[in-house]
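Comments concern the structure below.
Quick note on labels: first sequence line is chain A, next is B, and so on, each numbered from 1.
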2 protein chains.
Amino acid sequence: MRLRDETKERTIREKAIEMIVREGFDGLSMQKLAKAAGVSPATIYIYFQDREDLIRQIYYEEMLAMSAETLAGFDPGMHFEEGMRVQWMNRARYCLKYPMRMHFMEQMRHSPFHEKFQGDARNPFSVAMKTFVLNAIERKELIQLPLEVYWSVAYAPLYQLIKFHQSKTGMPGWGKFVLDEKTLEKTLELVLKALKP
Amino acid sequence: MRLRDETKERTIREKAIEMIVREGFDGLSMQKLAKAAGVSPATIYIYFQDREDLIRQIYYEEMLAMSAETLAGFDPGMHFEEGMRVQWMNRARYCLKYPMRMHFMEQMRHSPFHEKFQGDARNPFSVAMKTFVLNAIERKELIQLPLEVYWSVAYAPLYQLIKFHQSKTGMPGWGKFVLDEKTLEKTLELVLKALKP
DNA sequence: CAAAAATAAACGAACGTTCTTTTATTTAAA
DNA sequence: TTTAAATAAAAGAACGTTCGTTTATTTTTG
């Protein structure tokens with residue numbers, strides 16, 4: 001019995017991400033992907049049921065990887081400020097280390113795929129986050145607010161900053177923006193100021 | 001000479017947005033669009049050069065409409081808190097009034113089209129925004145910070161909140177989230193707390 | 001040799017776009 | 001006032017291409 005060449009699946013996954021980032025979901029065709037991965041179109045269908053399953057699987061894998069990296073060194077029982085700092089640094093590090101994957105996820109999250117796949121995506125992440133927030137509120141290290149408001153104030157600015165950083169042109173009319181350690185830290189301070197009692 | 005039926009172009013544009021929101025850029029095909037708009041495929045090419053031009057034109061139109069609505073009742077010389085409040089309410093109103101268009105724009109902004117079209121998109125918006133921020137800093141109503149940091153802290157939370165509101169399922173594991181006037185106002189207060197000296 | 005991996009070639013369907021024709025409307029000569 | 005030429009809008013059918021996927025076959029390795 002012939003064994004699977006696991007590098008083939010990896011290559012397919014990576015090339016798919018590249019294609020989607022470069023040309024959007026429009027640009028992801030199975031035949032072009034096969035060519036890019038140096039593989040026959042039929043081979044893709046050994047590893048994935050169909051095009052949608054391919055996208056779904058990449059999405060799940062990426063979600064897990066991001067969650068894991070985000071929760072590294074994090075404990076839901078941590079003090080608020082420390083926990084926030086760990087998460088900010090983890091997220092920033094991941095996004096800057098894997099800009100392709102990050103871009104892919106951003107594209108995913110704003111496409112109709114997101115709602116379609118969300119139901120069966122069980123990231124270990126929401127639970128930890130919820131516990132962390134409730135703890136922090138109880139300890140009076142964080143003001144009382146709905147989870148969605150917390151999320152919006154706590155992390156949306158970070159992702160927007162990263163998007164500015166990764167944008168080639170920056171804001172139209174403004175120059176190129178570079179996100180350095182200091183700016184990151186300063187922005188985190190602002191967010192903490194908003195959220196602490 | 002036969003006159004143009006202007007309703008045709010409007011219908012095409014609206015159906016295109018609907019299709020993109022429902023099925024993504026993948027799902028936008030010229031033939032399906034023609035059928036949905038009750039028009040011959042060839043007719044679309046009277047109004048638009050090609051598929052990409054169609055998307056580009058819709059994008060520009062939407063950008064202008066959003067900018068206009070966002071700047072309604074706004075003056076770059078306004079005091080910081082008042083200006084922020086006007087912009088928050090304007091943006092929120094627009095997004096909640098036209099969820100389709102908003103969704104279309106979000107999908108646009110995170111697709112490769114965005115960088116492609118950004119160069120020639122001149123929204124009247126950046127200038128007003130820049131002036132407003134510089135004024136506010138000079139008056140010491142706003143702390144000193146880069147424009148990108150300001151933008152990230154000031155508006156990213158708002159858009160994230162709106163996305164929660166419009167998401168059918170809400171955060172996975174949490175319930176459905178409804179954005180009411182009071183939550184909006186509360187969140188704005190938090191952001192102001194972060195940004196004021 | 002058995003069996004799964006991998007392929008090349010091919011399938012019908014759908015794609016973006018164009019070609020040809022028809023329809024509606026204006027213009028202006030009769 | 002009638003009517004025919006002129007013209008752009010609009011339609012329908014078709015173009016060649018590429019799409020996602022499958023079938024039939026070969027290759028590889030336990």
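To the nearest 0.5 angstrom, B:Q118 atom CD is 7.5 Å from B:M63 atom CE. Rounded to the nearest 0.5 Å, atoms CZ (A:R22) and CD1 (A:I20) are 11.0 Å apart.
A:M30 and A:D50 make their closest contact through CE-C, 4.4 Å (heavy atoms, listed as atom of the first residue, atom of the second, distance).
The distance from atom CZ of B:R4 to atom C1' of C:dT26 is 16 Å, rounded to the nearest whole Å. Atom P of nucleotide D:dA8 and atom CD of B:E6 are separated by 16 Å, given to the nearest angstrom. Rounded to an integer number of Å, the gap from B:Y47 OH to D:dA8 P is 14 Å. In this structure, the CD1 atom of B:I44 is 13 Å from the P atom of C:dT18, given to the nearest Å. Distance, A:I46 CD1 to C:dA6 P: 6 Å, rounded to whole Å.
Judged as a side chain to side chain donor-acceptor pair (under 3.5 Å), the pairs with a partner in residues 29-44 of chain A (not counting sequence neighbours) are, in order, A:E23-A:K32. Applying the side chain to side chain donor-acceptor pair (under 3.5 Å) definition to pairs two or more places apart or across chains, those involving residues 132-142 of chain B are B:H79-B:E141, B:R139-B:E141. Listed by first and then second residue, the salt bridge (charged side-chain N to carboxylate O under 4.0 Å, His left out) pairs that reach into residues 145-166 of chain B are B:E106-B:K163, sequence neighbours excluded. Residues in residues 5-47 of chain B take part in these ring-ring contact (aromatic ring centres under 6.0 Å, His included) pairs, two or more places apart or across chains: B:F25-B:F113.
A sub-4.0 Å separation between OP1 or OP2 of D:dG30 and a side-chain N or O of A:R2 is absent.
Geometrically, B:R101 does not engage B:F104 in a cation-pi contact, judged by NZ or CZ lying under 6.0 Å from the ring centre and within 45° of the ring axis.
For the segment residues 7-24 of chain B, the set of residues with a heavy atom within less than 4.0 Å of an atom of DNA chain D comprises B:K8, in numerical order.
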Would you tabulate the nitrogen or oxygen pairs shorter than 3.5 Å linking the protein to nucleotides 16-23 of chain D?
from, atom 1, to, atom 2, distance (Å)
D:dC19, OP1, A:S29, OG, 3.2
D:dG20, OP1, A:L28, O, 3.2
D:dG20, OP2, A:M30, N, 2.6
D:dT21, OP2, A:Y45, OH, 2.6
D:dT21, OP2, A:R51, N, 2.9
D:dT21, O5', A:Y45, OH, 3.2

